[in-house]
Amino acid sequence: MAKKKKVLITGGAGFLGSHLCDRFLKEGYDVIAMDNLITGSLENIEHLFKREDFVFYHHDVSKFVHVPGDLDYILHFASPASPIDYLKMPIQTLKVGSLGTHNLLGLAKAKNARILIASTSEVYGDPLVHPQTEDYWGNVNPVGPRGVYDEAKRFQEAITMAYHTFHGLETRIIRIFNTYGPRMRLDDGRVLPAFISQALRGEDLTCFGDGSQTRSFCYVDDLVEGIYRLLLSDYPHPVNIGNPDEITIKQFGEEIIKLTNANQKLIFKPLPTDDPKQRKPDTTKAREILGWEPKYSRAEGLKPTLEYFKNKVLK
Ligand code: NAD
Ligand code: UDP
């Protein structure tokens, strides 16, 4: 019988990391989740604790990372990810994107493992090219409040490429666009949990700016499929994964009000500094290289997401 493959998932107790743990276990891998729980929660992975093919390490990956035995794949997803999280933890965000990534690249090299790093549409900053293609270099303010996240991720991409070209390491870079689904934290400040929890609590929905800025929301299962395909592909350059269905934040708020049968209205608050005005992935590469495209419409993805939030808010 072929030996089971082993994967290390950093940020494994977070929103995306925990879904990745589920997916890789389902595919028959041995899974190690590593997390320091600064924004994640053991609740996301407690259903896995009794399994023999799953292990959890409580560890900060910005410090030296040690994993005993062989390792086939590393998925580096550890990082504060929502604007309020990385604004609260600017130094930790910079460290996990830089020192953390360096540690994991070193581990990948020592173990002869393939590594995929979670980059972001934020590397495009407030984009001047629309939709965003992977060859666009971005419009980022390095010293603005979002710079701690954007520049950490840009450095992460640069050092990952350097390990690929200089050491011949097998690397993959995914640029993730706004993704949602069950296990997002209610209070992480991202627009979807904010709007849904406000609607369910009977509060008005806080729309920042005039709500004309756009985002494109991808359901988590679609993203996980894209990650899985990219990891197993032989493509070392960045690939966008996201749903190209673009919507203004104002329309999105109205959609949530309708969906939750809420009587609330939108109230308008100041737009945060450097908030990107428009965002939509060009997914040509994902389609051509990975044969990937999103399967879930917003209406389909919002259904299980709303159920999840109902259980949390009304508990
Ligand atoms: P999340 O906050 O739910 O998960 C991040 C996890 O990383 C948490 O469990 C946290 O405790 C852990 N973590 C943070 N710093 C750590 C450290 N130094 N050592 C060990 N663990 C650490 O966020 P998420 O939405 O699941 O995001 C996961 C990854 O995907 C992040 O790298 C993020 O930048 C990237 N990403 C997410 C989105 C999205 O829409 N969700 C979009 C673009 C990129
Ligand atoms: N936003 C909003 N109300 C909120 C939270 C966010 O209008 O309560 C806006 C935010 O200003 C941005 C968009 O929604 O224009 C998406 O924000 P989010 O924090 O979800 O992610 P981003 O794409 O900005 O990283």
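When a ligand or atom number is given, it counts from 1 through the structure's own listing order.
Among all non-hydrogen protein atoms, the one lying nearest atom 13 (C) of ligand 2 is Ile249 CD1, 3.6 Å. Looking at atom 25 (O) of ligand 2, its nearest protein heavy atom turns out to be Arg146 NH2, 3.1 Å. Shortest contact from atom 14 (O) of ligand 2 to any protein heavy atom: Val191 CB, 3.3 Å.
Proximity of His76 to ligand 1, defined as any heavy-atom pair under 4.0 Å, is not found for any part of the residue. The part of Asn178 lying near ligand 1 is the backbone, judged by heavy-atom distances below 4.0 Å. With a heavy-atom cut-off of 4.0 Å, Leu37 touches ligand 1 through its backbone alone. Of all the heavy atoms of Tyr180, none lies under 4.0 Å from any atom of ligand 1, so neither backbone nor side chain is involved.
The closest approach between Lys269 and ligand 2 stays at or above 4.0 Å for every heavy atom of the residue.
Ring pair Tyr136/Tyr124 is parallel by interplanar angle, where below 30° counts as parallel and above 60° as perpendicular.
A distance below 6.0 Å separates the ring centres of Tyr228 and Phe24.
With salt bridges taken as basic N to acidic carboxylate O contacts below 4.0 Å, one links Arg298 and Glu255.
Close approach to Gly11 involves these atoms of ligand 1, each under 4.0 Å from a residue heavy atom: 6 (C), 7 (O), 12 (C).
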